[in-house]
A.B. asks: 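The structure's right below; bear with me while I get my questions together.
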Amino acid sequence: MGDRPTWDEGRSGVPRNTSGRSRRGRDGEQAGAEALTVEQLLARQDTGVGRRRAARRVEEPVLRAPEESPPAVRAGLPPVPGASAPPARQGGLPPVPGAARPAGQPPLPPVPAGPRPQVDWHPDSRPVRRSGPVPPLPGRFPPPEPSDRPRAARPARPPRPPASPGRRRLTRALVALAAVLGVVVLYHLGLYFYVDQKIDRVDALAVDGPEILAPQLQAGDETYLVVGSGVPGQTGTASVAALLASVSSEGDRAVLVSFPPTALVDTPACRTPDGDLRSPATEAFASSLLEGGPSCMVRAVQQLSGLRVDHYLGVDLADLPGMVDALGGVPVCVVPSQATAAAATPLPAGYSEVSGEDAAGYLAPGDSGADVTGTAVAERAQRLLTSTLRAAMSTGTLVDPLSLNRFLNRAAEALTVDEQTTLGDLRGLAGSLGDLSGDAVQRASLPVAQVGYVPAGTDQAYVLLDGKGTRSLFDAVIEGTSVPEEFLIGPEDAAAAEEPPAGEVPPASEAAPPADDALTVPPASVAVDVLNGTATTGLAATVADLMRGQGFVVGAVGNEPGTVSETVVRYGPGVLEQARTVAASVPGAVLQPSDSIGDAVQLVIGPGYSSVVPVTVGAAPEAPAADTTPTPAAAPEQTPVSC
């Protein structure tokens, strides 16, 4: 047959040992070639080409149709030649490499062809299997009663009897009373907060000031500074009255100390109401309030006493009579004393009902000369203010909304407190001073060294305090001990002021000229200034006219800025004789030298002034005539009054 090409059956039809050419090329060659005969084919086998092809021919296996289809593509890779087919997959598990199925093992069930149900499972919502009820332990509980056993019938509650008409009326009355009480309580609470917000408040306290002494001893004590301004009939420093009230922590004792308005004190640096820093000053005690404000007065009190001021209460004394009228009168207990005797209209001893007009006359100072230092008005203002506050807290006032409303509105206009003080604190002050009586309340006045002291470089008279005695007084208050008796004031002071002890002559700055010294300067050669040192309005002008009638040359006429206890003739260096002539014309006048007024002569009218008498130059002043007035009979002993 020769070199017949073998064909790849079932394949492309290209001979196996021919180069790959397209069918179109092969057809073209076959069409153009000539047909070969058997002889030509035999002759080709004898050629070298035929022998070489025969030498390269090998025994090739016969291609047969595969019994099984070729293995499928493995994950996108071609099949491995000669590899056996992989074992079938087992029920959802991957086949084990190289493992053969053991003989006799039943086949796995087929996998359902349908889609698997979706299970909604999360770790936080794992299903929990609930267990049934646990049966009771045997013998622990009695066996249940049979359900068919009839239960005992519960006795029916007897019907409530209907309320009687009286009981219904009582219930309605109680409900109405509760409603009325609720309305009253709400009204008073609203009024309380309204007035508390309406009261003027100032930044006055300095509880951590360096001038406070032994603050640990004062812990728990309450100290009130009560300041009255606008004293009726007074102007300037005389219109201020100040009182310091120290109440112990237990509330069983209190000390009240009055401050002279013209006392010479040292005021530390302080803040004015405008916020400006005021420099330290030596001034009258009342000037610290009038020129510096409440904060400066508090610092002046702390500097003088060493006490810590916890509450500041300012009262416009001109409005205090209106507060009394708003309550329809106030009961006041008056203890006879020097302070009550110095009032323009003294009140009778004991309890008395005081109206607004009576209160104004009780506050105004009189002309009896009993209030030498100006502290008596502070005591009278304290008594009247305490009685007014206690009357406002009484049951009769609290159940009368109209009176209470009028009073609180008047009080809101008249009172000034610091930022920390409330109406409750004022109620505590009034309650403490009103509940204490007898020796539990001690009233004291600052010890005075000199009245009418005129420092060099000024023409104003001051009250000079006794420094040692003042320190002893306030040390006793700080330590909580009894105040020394020499500083206490009480009912016996009124008699002492009216009648001095026998054989004791009041001290004077300088005695009047003796009887054997003749006057050398006539009134026409004396120029004198007339000043009014009393509460009597227009007294200086009256005395000035009388002095002109005696031939004196009258200069300035006005009011004395300070306080004097008697009629005084001040004179400068070199004018002693002129002052003697003036003193001789005013009986009871005493001479007082002063370096601050130059060569002037001043006649200060004080308590005890009577009249102006004529004088004769070259003749000795007449000695006072012997008192021929019969001695009055002894007054009957009065029963002591205590409040």
Side-chain angles (χ1 to χ4, degrees), residues 233 235 238 365-369 372 451-452 454 459-461 505-629:
T235 57
D367 191 26
S368 62
V372 177
V451 178
V454 181
D459 56 353
Q460 183 175 357
V505 179
S509 301
E510 183 176 340
D516 54 353
D517 290 344
L519 301 178
T520 59
V521 179
S525 302
V526 178
V528 60
D529 299 332
V530 180
L531 303 178
N532 183 11
T534 69
T536 304
T537 305
L539 182 60
T542 303
V543 175
D545 293 339
L546 295 176
M547 296 294 287
R548 292 190 186 95
Q550 298 299 326
F552 290 93
V553 179
V554 178
V557 178
N559 293 323
E560 166 64 20
T563 304
V564 294
S565 58
E566 54 191 345
T567 301
V568 176
V569 178
R570 297 197 191 105
Y571 63 95
V575 290
L576 175 59
E577 294 301 323
Q578 289 86 339
R580 288 180 58 204
T581 304
V582 174
S585 64
V586 181
V590 296
L591 298 175
Q592 185 181 82
S594 175
D595 296 334
S596 62
I597 61 175
D599 293 336
V601 177
Q602 294 180 347
L603 172 61
V604 182
I605 308 300
Y609 164 79
S610 57
S611 62
V612 176
V613 298
V615 295
T616 304
V617 178
E622 295 183 2
D627 191 3
T628 58
T629 306

A.B. asks: Run the side-chain contact (heavy atoms from CB on, under 4.5 Å) test on V554 and V530 for me, step by step, so that the C-alpha distance in whole Å, both residues' side-chain angles and the decisive distance to 0.1 Å come before the verdict.
C.D. replies: CA-CA 7 Å; V554 178; V530 180; 4.2 Å; yes
A.B. asks: Does V613 have any side-chain contact (heavy atoms from CB on, under 4.5 Å) partners at least two apart in sequence or in another chain, and if so, which?
C.D. replies: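 With sequence neighbours excluded, V613 shows a side-chain contact (heavy atoms from CB on, under 4.5 Å) to P587, S611, given in chain and number order.
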A.B. asks: Assess whether side-chain contact (heavy atoms from CB on, under 4.5 Å) is satisfied between R570 and V601, documenting all intermediate values.
C.D. replies: CA-CA 6 Å; R570 297 197 191 105; V601 177; over 6 Å; no
A.B. asks: Does a side-chain heavy-atom distance below 4.5 Å link Q550 with P614?
C.D. replies: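 Yes, side chains in contact.
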A.B. asks: Quick one: salt bridge (Lys or Arg N to Asp or Glu O under 4.0 Å) partners of D545, sequence neighbours excluded?
C.D. replies: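 Counting only residues at least two positions away or on another chain, D545 forms a salt bridge (Lys or Arg N to Asp or Glu O under 4.0 Å) with R548.
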A.B. asks: Name all pairs fulfilling the salt bridge (Lys or Arg N to Asp or Glu O under 4.0 Å) condition that reach into residues 595-614, sequence neighbours left out, sorted by first residue then second.
C.D. replies: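 Residue pairs with at least one partner in residues 595-614: there are none.
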A.B. asks: Could you tell me whether the side chain of T581 and the main chain of V521 form a donor-acceptor pair under 3.5 Å?
C.D. replies: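 Such a contact is found between T581 side chain and V521 backbone.
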A.B. asks: Apply the test side-chain contact (heavy atoms from CB on, under 4.5 Å) to residues Q578 and S525: give CA-CA distance (whole Å), side-chain angles for both, the deciding distance (0.1 Å), then the verdict.
C.D. replies: CA-CA 8 Å; Q578 289 86 339; S525 302; over 6 Å; no
A.B. asks: Could you check V582 against V526 for side-chain contact (heavy atoms from CB on, under 4.5 Å), going step by step and ending with a plain yes or no?
C.D. replies: CA-CA 8 Å; V582 174; V526 178; 3.6 Å; yes
A.B. asks: Between atom CZ of R580 and atom OG1 of T520, what is the distance when rounded to the nearest 0.5 Å?
C.D. replies: 6.0 Å
A.B. asks: Would you give the length of the straight line joining atom CG of L591 to atom CG of L576, rounded to the nearest 0.5 angstrom?
C.D. replies: 6.5 Å
A.B. asks: Nearest heavy-atom pair of P573 and S594: which atoms, and what distance?
C.D. replies: CD-O, 3.9 Å
A.B. asks: List in chain and number order the residues that pass side-chain contact (heavy atoms from CB on, under 4.5 Å) with T542, two or more places apart in sequence or in another chain; answer none if no residue qualifies.
C.D. replies: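 Not a single residue meets the side-chain contact (heavy atoms from CB on, under 4.5 Å) criterion with T542.
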A.B. asks: Go through the structure and list residues passing side-chain contact (heavy atoms from CB on, under 4.5 Å) with L531, not counting sequence neighbours.
C.D. replies: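 Only E560, Q602, V604 meet the side-chain contact (heavy atoms from CB on, under 4.5 Å) criterion with L531.
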A.B. asks: For the atom pair CG (L539) and CG (N532), what is the distance rounded to the nearest 0.5 Å?
C.D. replies: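 Spacing of CG (L539) from CG (N532) equals 4.5 Å.
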A.B. asks: Knowing that exactly one of V569, L546, V543, L603 qualifies, which makes a side chain to side chain contact (heavy atoms under 4.5 Å, CB included) with V586?
C.D. replies: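 Of the listed residues V569, L546, V543, L603, the side chain to side chain contact (heavy atoms under 4.5 Å, CB included) partner of V586 is L603.
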